[in-house]
Amino acid sequence: SQTIHQWPATLVQPVGSPLSLECTVEGTSNPNLYWYRQAAGRGLQLLFYSVGIGQISSEVPQNLSASRPQDRQFILSSKKLLLSDSGFYLCAWRAGGPDTQYFGPGTRLTVL
Amino acid sequence: AQTVTQSQPEMSVQEAETVTLSCTYDTSENNYYLFWYKQPPSRQMILVIRQEAYKQQNATENRFSVNFQKAAKSFSLKISDSQLGDTAMYFCAFADGQNFVFGPGTRLSVLP
């Protein structure tokens, strides 16, 4: 069966520090991968998605970036965090086609 | 572009009662999927139910069922015999081959 992991689960970082959040999927190959951000009590904002290694599409201009160095690994990064980057970050995967997205447990990021 | 609308930001229901959450969507596609996700206080996104647009029969998962009206582009979720553990944010979502779009969510509180 497929599983999706995210780490760390919780992160507190100072403004201006770098960021690296990792997402890995097991039990499937060539998944579509997604990064979402969610403010408290709000909906999901799609940040990036990837249909293959090295292929990244950005939905929202910001100081974040994403990379997909391996088929089942998706990384969210920043060189310098802003206060507004605080939030809950969710990674998701789905097989090709109009099918279900499955989510990881999320990372709670607080920027101080 | 596809859009998903949830017109009820918040709802409440008494334990053991039935509640219906509304969702409408807009698309010109004929082949797509619709979903309801649940996000409890843990913030893990959990798939509740999904519906393939080509199927006329409404999907059912235990106490959860949908009323899919394709011509009206409506996809409501009915929760029967509500339980305290059903307290969560509920997101309606649409997917076709290219897009995966979430609604803004409905916060459901089940009252003892």
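Heavy-atom basis, side chains included; hydrogens, waters and symmetry copies ignored. Protein chains get the first letters and strands the later ones, always in sequence-line order, with residue 1 at the start of each.
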To the nearest 0.5 Å, how far apart are CG in D96(B) and CG in D99(A)?
12.0 Å
Contacting moiety of F94(B), where chain A heavy atoms sit under 4.5 Å
neither
Under 3.5 Å donor-acceptor, Y102(A) side chain and I46(B) backbone
no
Does K78(B) NZ have over 12 foreign heavy atoms under 6.0 Å away?
no
Using the rule that Ile, Leu, Val, Met, Phe, Trp and Tyr join whenever any side-chain heavy atoms are under 4.5 Å apart, tell me whether Y54(B) and I49(B) fall into a single cluster.
no
Less than 4.5 Å to any heavy atom of chain B: does that hold for the side chain of Y49(A), its backbone, both, or neither?
neither
Distance-only donor-acceptor pairs under 3.5 Å for side chains of residues 103-112 of chain A, two or more places apart:
| residue | atom | partner | partner atom | Å |
| --- | --- | --- | --- | --- |
| T107(A) | OG1 | P8(A) | O | 2.5 |

Got more than 12 heavy atoms from elsewhere within 6.0 Å of CZ, R63(B)?
yes
Show every side-chain hydrogen bond (donor to acceptor under 3.5 Å, both in side chains) that has at least one partner inside residues 10-20 of chain B, sequence neighbours left out.
none
Distance check, rounded to the nearest 0.5 Å: R42(A) atom CZ versus M89(B) atom CE?
9.5 Å
Under 4.5 Å, heavy atom to heavy atom, which residues of residues 65-90 of chain A contact chain B?
F88(A), L90(A)
Quick check on the hydrophobic clustering: are L21(B) and L84(B) connected, directly or via other members, by side-chain heavy-atom contacts under 4.5 Å?
yes
By ring pair (Phe, Tyr, Trp, His ring centres under 6.0 Å), F100(B) pairs with (sequence neighbours left out) F35(B), F102(B)
Audit row: Y36(A), M45(B), side chain to side chain contact (heavy atoms under 4.5 Å, CB included) steps and yes/no:
CA-CA 12 Å; Y36(A) 292 90; M45(B) 288 285 282; over 6 Å; no
ILVMFWY network linking Y33(B) to V51(A), side-chain heavy atoms under 4.5 angstrom
yes
Identify which of E29(B), Q39(B), E52(B) forms the greatest number of heavy-atom pairs closer than 4.5 Å to chain A.
Q39(B)
